[in-house]
Amino acid sequence: MADVVTGPTILQQSDNRVVIKIVNQSDGTGGTTVFGDISAMANRSDGTSPSYFNLLRVWFACDTGDGGDSYARLDWEDSDADIPIIGLTGTGYWDFREFGGIKPDTSSSSNERDVNLVVPSTANAGNMYTVVAEFAKVY
């Protein structure tokens, strides 16, 4: 069996930002899903492709599960090992726009600059994860 994933769905996109939504119902084995694929984003009106995202805001709901084991994580995808951005537990909203958002570590050429939704293997089958995130597109 595999997680039931709806999305990612682009809710809104402009030259400067994108809002993406994903819903994941866990099968209890954990999994990683590409949430924000930088190469799939629309180019700027002058034809320039975006290089990476900055996380500006995130809305999330992680089902409580039995034992509080229903957390999720957003990671920067990296060919060496994914780099955690933020952990998501319970229901909430975080806004990082005041300081320009959470930026990826772009010092390594192996950084793929995509964003993954990670559900841990400790999640119970049936746990639900809903994440809506706004990203700045950086060129």
Q.
Are Ile102 and Val131 linked, directly or through intermediate hydrophobic residues, by side-chain heavy-atom contacts shorter than 4.5 Å (ILVMFWY only)?
A. yes
Q: Please determine, by modelled atom types, if Asp27 and Thr29 share a side-chain donor-acceptor pair under 3.5 angstrom.
A: yes
Q | Arg57 to Phe96, cation-pi by 6.0 Å centre distance and 45° axis angle | A | no
So how far is it from [X] [atom1] to [Y] [atom2], rounded to the nearest 0.5 Å?
X: Met128; Y: Thr6; atom1: CE; atom2: OG1; result: 7.0 Å
X: Thr89; Y: Arg73; atom1: OG1; atom2: CZ; result: 11.5 Å
X: Ser49; Y: Arg44; atom1: OG; atom2: CZ; result: 9.5 Å

Sub-4.5 Å side-chain heavy-atom contact between [X] and [Y]:
X: Gln25; Y: Asn127; value: no
X: Cys62; Y: Tyr71; value: no
X: Leu11; Y: Val132; value: yes
X: Ile20; Y: Phe135; value: yes
X: Val18; Y: Ile10; value: yes
X: Val115; Y: Ile85; value: yes
X: Ile22; Y: Thr33; value: yes
X: Arg113; Y: Phe53; value: no

Q) Can we call the ring centroids of Phe60 and Trp94 under 6.0 Å apart? A) yes
**Q.** Evaluation steps, side chain to side chain donor-acceptor pair (under 3.5 Å), between Thr32 and Asn116
**A.** CA-CA 6 Å; Thr32 299; Asn116 292 330; 5.8 Å; no
Could you report the tightest heavy-atom contact between [X] and [Y], atom names first, then the distance?
X: Tyr129; Y: Ser26; answer: CE1-CB, 4.0 Å
X: Leu55; Y: Trp76; answer: N-CH2, 4.4 Å
X: Ala42; Y: Lys137; answer: O-NZ, 3.0 Å
X: Asn43; Y: Pro50; answer: OD1-CD, 3.9 Å
X: Ser45; Y: Asp15; answer: OG-OD2, 3.0 Å

Between [X] (side chain) and [Y] (backbone), is there a donor-acceptor pair under 3.5 Å?
X: Asp75; Y: Glu77; answer: no
X: Asp3; Y: Val5; answer: no
X: Asp114; Y: Ile38; answer: yes

Q.
For Asn16 and Ser14: C-alpha separation, side-chain torsions, deciding distance, then whether side chain to side chain donor-acceptor pair (under 3.5 Å) applies.
A. CA-CA 5 Å; Asn16 299 320; Ser14 69; 5.1 Å; no
Q.
I'd like to know whether Leu117 forms a side-chain contact (heavy atoms from CB on, under 4.5 Å) with Leu74, so could you lay out the CA-CA distance, the side-chain angles of the two residues, the decisive distance to 0.1 Å, and finally the verdict.
A. CA-CA 5 Å; Leu117 174 68; Leu74 292 180; 4.1 Å; yes
Q: Take Glu134 and Arg17 through the salt bridge (Lys or Arg N to Asp or Glu O under 4.0 Å) test and state the conclusion after the steps.
A: CA-CA 7 Å; Glu134 178 183 8; Arg17 68 183 191 97; 3.0 Å; yes
Q.
The criterion is side-chain hydrogen bond (donor to acceptor under 3.5 Å, both in side chains); which residues satisfy it with Ser121, sequence neighbours excluded?
A. none
Q: Report the C-alpha separation of Leu88 and Ile86 in whole Å, then their side-chain angles, then the decisive distance to 0.1 Å, and conclude whether the side-chain contact (heavy atoms from CB on, under 4.5 Å) test is met.
A: CA-CA 7 Å; Leu88 307 172; Ile86 193 167; 4.2 Å; yes
Q: Give a yes or no on this: more than 12 heavy atoms of other residues, nucleotides or ligands lie within 6.0 Å of atom NZ of Lys21.
A: no
